[in-house]
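Some notes on the structure that comes next.
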Amino acid sequence: MQRLLFPPLKTLLGSQSVRLLVPKAAPRTQCGCSCGIRRPLRSGQYSTVSEVALQSGRETASLPSKAADRVVGRWLLVCSGTVAGAVILGGVTRLTESGLSMVDWHLIKEMKPPTSQEEWETEFQKYQQFPEFKILNHNMTLAEFKFIWYMEYSHRMWGRIVGLAYILPAAYFWRKGWLNRGMKGRVLALCALVCFQGLLGWYMVKSGLEEKPDSHDIPRVSQYRLAAHLGSALVLYCASLWTSLSLLLPQHKLPETRQLLWLRRFAHGTAGLVFLTALSGAFVAGLDAGLVYNSFPKMGESWIPQDLFTFSPILRNVFENPTMVQFDHRVLGITSVTAITALYFLSRRIPLPQRTKMAAVTLLALAYMQAGLGISTLLMYVPTPLAATHQSGSLALLSGALWLMNELRRVPK
C-alpha cells in the first residue's frame with residue numbers, strides 16, 4: 001500500500017520536475033566589472049515555478065504530473081476492485097436470501113455486531129416483526145438467522161470499506177495537489193456516487209420490509225430498486241476502471257482511418273450492450289426469473305413461450321413478468337456474444353498494436369465463458385456458487401470491453 005501511494009524516494013528525487021526551493025543562480029555577466037560575480041536572486045524567484053505552490057506563505061513541492069497520474073491510476077484501480085467485491089458479495093447476499101435480515105440502518109451503530117446471547121435474541125426478535133419471517137422463514141432458528149445476518153452485515157461493512165477507499169485517499173491527493181482540475185471533478189463525482197450507493201442500498205432494503213396485504217408473493221425487494229442499486233454500482237465500477245486505465249496505459253497513436261473509426265464506434269456500442277445485459281440480470285435476480293424456464297435454447301417446448309404478455313398494460317411484462325424478464329436476458333446475452341464475435345473479426349482486419357489485439361482476444365474469450373456460465377446456471381436450477389460465478393463474469397466482461405475501448409481511444413491533438 002505504501003508503494004502504491006508513495007513512489008520510491010529515489011524516483012522522486014531523480015525527477016527533473018521536482019526541485020526544492022533553492023535559489024537559482026543568475027548567469028555570469030559579460031562586462032569586466034561584474035565578471036565572475038553571480039547576481040543575487042530577487043525575492044519570490046524560484047528555479048521551477050511550475051512545481052511550486054505558495055499557500056499562506058508556505059511552500060510545498062508536488063509530484064511530477066506523470067508520477068501523480070500513476071499513483072492516482074493505481075488508487076482508482078484498487079477502488080474499482082473494491083466495487084467489484086461489493087457487487088459480487090451483494091449477489092451472494094441476494095442468492096442466499098440474506099438481504100432483509102438487518103431491519104434497520106445506522107452508519108456507525110451497526111458496525112458492532114451482536115456479541116452476547118441477549119443481543120442476538122433482541123436482533124432476532126426485530127427480524128420476526130417483518131414479512132419475510134412471518135411468511136417465508138417462520139420456522140427459522142437463531143443459528144440460521146445468524147448466518148443470513150452475517151451475510152448482510154458483511155455486505156454492508158464492505159460497502160463502508162469501499163467508501164473509505166474512495167474518500168480518504170481522495171482528500172489526501174487533493175491536499176497534496178496531485179489532482180488537476182479535470183481529475184478533481186471526476187473524483188468528486190465518484191465520491192458522491194459512493195455515498196449515493198449507500199443510501200440507495202437502504203432504500204432498496206426498505207422495499208422488502210414493507211407490509212403488502214394485497215400481495216400473495218414471497219417478500220422480496222423491489223426489482224426496480226435492485227436494478228437501480230446494481231446499475232449505479234456498475235457505473236461506479238466502469239468510471240473508476242476507465243479512468244484508471246486511461247492514466248496507467250500508454251495511449252496508442254493509431255492512424256485515424258475510416259476502418260478504425262467504425263471499429264471504435266462498434267466497440268462503444270458493444271460495451272453499452274454488455275452493460276445493458278448485466279443490468280437486466282438485476283431484474284432476473286429480483287423476480288427469481290432464473291427458476292421459470294430451466295432449459296436451453298428453447299424455453300420449455302417452444303422458442304417463444306406463450307406467457308410473455310400475461311400482464312396488462314403490455315409494458316409491465318418487460319419489468320414484472322418473470323418469463324419476459326428471462327427471455328429479454330437471454331436475447332441480450334446472445335446479442336452481446338454475437339456483437340463481441342463480430343467485433344473481434346473486425347479488429348483482425350485492421351493493423352493494431354499487440355496489446356490491443358490481446359484485449360480483443362480476451363474480450364472474446366470472456367464472452368463465451370460468460371455465456372457458458374449463464375447456460376449452466378439455468379440448466380442446473382441456479383445453484384448459488386455457479387450463479388455467483390456468473391454474476392462475477394459480468395464484471396469481467398465489462399472490464400474486457402472497457403479495456404478494448406481504452407485501447408482504441410482517440411489521441412487528443
Side-chain angles (χ1 to χ4, degrees), residues 87-88 90-100 131-132 135-137 148 204-205 207-208 210 212 214-231 234 273-338 367-395 397:
V87 172
I88 295 170
V92 175
T93 302
R94 176 69 189 88
L95 289 167
T96 55
E97 298 182 344
S98 306
L100 299 178
E132 185 175 71
I135 299 174
L136 188 64
N137 294 332
I148 64 171
M204 176 192 69
V205 169
S207 65
E210 299 171 352
K212 301 174 183 177
D214 298 332
S215 175
H216 301 286
D217 199 1
I218 62 174
R220 55 163 60 98
V221 299
S222 165
Q223 68 271 25
Y224 296 102
R225 300 186 190 184
L226 177 60
H229 187 50
L230 175 63
L234 293 179
L273 186 60
V274 171
F275 184 93
L276 186 61
T277 304
L279 188 60
S280 71
F283 289 93
V284 175
L287 294 172
D288 291 327
L291 300 172
V292 178
Y293 286 94
N294 297 94
S295 57
F296 190 87
K298 291 184 177 181
M299 297 182 69
E301 299 297 327
S302 59
W303 292 98
I304 301 178
Q306 297 180 355
D307 55 341
L308 281 181
F309 301 101
T310 55
F311 290 12
S312 181
I314 292 179
L315 187 60
R316 281 185 57 202
N317 291 277
V318 179
F319 305 107
E320 300 180 16
N321 184 349
T323 300
M324 175 66 89
V325 166
Q326 189 193 120
F327 180 80
D328 291 343
H329 191 59
R330 288 183 182 220
V331 171
L332 285 170
I334 294 172
T335 307
S336 296
V337 173
T338 304
Y368 281 93
M369 182 186 71
Q370 177 67 351
L373 285 171
I375 295 171
S376 301
T377 302
L378 188 67
L379 296 178
M380 298 178 68
Y381 291 87
V382 197
T384 298
L386 196 56
T389 307
H390 179 56
Q391 292 177 348
S392 306
S394 64
L395 290 172
L397 194 58

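Nearest heavy-atom pair, His390 versus Gln370, reported as atom, atom and distance to 0.1 Å: O-NE2, 2.9 Å. Taking every heavy atom of both residues into account, Trp303 and Lys298 meet most closely at NE1-CE, 3.4 Å. Looking at every heavy atom in both residues, Ile148 comes nearest to Thr96 through CG2-O, 4.3 Å. In plain terms, the two heavy atoms of Phe327 and Leu308 that are nearest each other are CB-CD2, 3.8 Å. The two residues Ala278 and Leu230 make their nearest non-hydrogen contact at O-CD2, 3.8 Å. In plain terms, the two heavy atoms of Tyr293 and Leu378 that are nearest each other are O-CD1, 3.3 Å.
Every residue meeting the side-chain hydrogen bond (donor to acceptor under 3.5 Å, both in side chains) condition with Ser280, not counting sequence neighbours, appears here in chain and number order: His329. For the side-chain contact (heavy atoms from CB on, under 4.5 Å) test, residues two or more places apart in sequence or in another chain that qualify with Leu276 are Leu332.
Interatomic distance, CD of Glu301 versus CE of Met299, reported as 12.5 Å (0.5 Å rounding). Atom-to-atom distance recorded for Asp328:CG and Phe319:CZ is 8.5 Å, nearest 0.5 angstrom. Note: Asn294 CG to Gln326 CD = 7.0 Å, rounded to the nearest 0.5 Å. Here OG of Ser222 is found 9.0 Å from CG of Leu287. Values are rounded to the nearest 0.5 Å. Atom CG of residue Leu234 and atom NE2 of residue His229 lie 10.5 Å apart, to the nearest 0.5 angstrom.
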Practice item. Would you please test Val221 and Leu100 for side chain to side chain contact (heavy atoms under 4.5 Å, CB included) and show each step? Key: CA-CA 8 Å; Val221 299; Leu100 299 178; 3.8 Å; yes

Review point. What's the verdict on side chain to side chain contact (heavy atoms under 4.5 Å, CB included) for Met324 and Arg316, showing C-alpha distance, side-chain angles and the deciding distance?
Key: CA-CA 10 Å; Met324 175 66 89; Arg316 281 185 57 202; over 6 Å; no

Point to revise | Intermediate values then yes/no, side chain to side chain contact (heavy atoms under 4.5 Å, CB included), Thr277 and Leu397 | key: CA-CA 11 Å; Thr277 304; Leu397 194 58; over 6 Å; no

Point to revise | Criterion side chain to side chain contact (heavy atoms under 4.5 Å, CB included) on Gln391 and Arg94, from CA distance to verdict | key: CA-CA 11 Å; Gln391 292 177 348; Arg94 176 69 189 88; 5.8 Å; no

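Side chains of Arg220 and Leu226 form no contact here, defined as non-hydrogen atoms less than 4.5 Å apart. Looking at Thr323 and Thr310, their side chains never come closer than 4.5 Å, going by heavy atoms from C-beta outward.
In this structure, Asn321 contributes its side chain and Asp307 its backbone to a donor-acceptor pair below 3.5 Å. Looking only at distances, no side-chain donor or acceptor of Glu132 sits under 3.5 Å from a matching main-chain atom of Gly208.
Other residues, nucleotides and ligands place no more than 12 heavy atoms under 6.0 Å from the CD1 atom of Ile314.
In summary, of the residues considered (Leu373, Thr377, Thr384), a side-chain contact (heavy atoms from CB on, under 4.5 Å) with Thr389 occurs for Leu373 alone.
Ring geometry, Tyr224 versus Phe283: the interplanar angle exceeds 60°, so the pair is classed perpendicular (tilted spans 30 to 60°).
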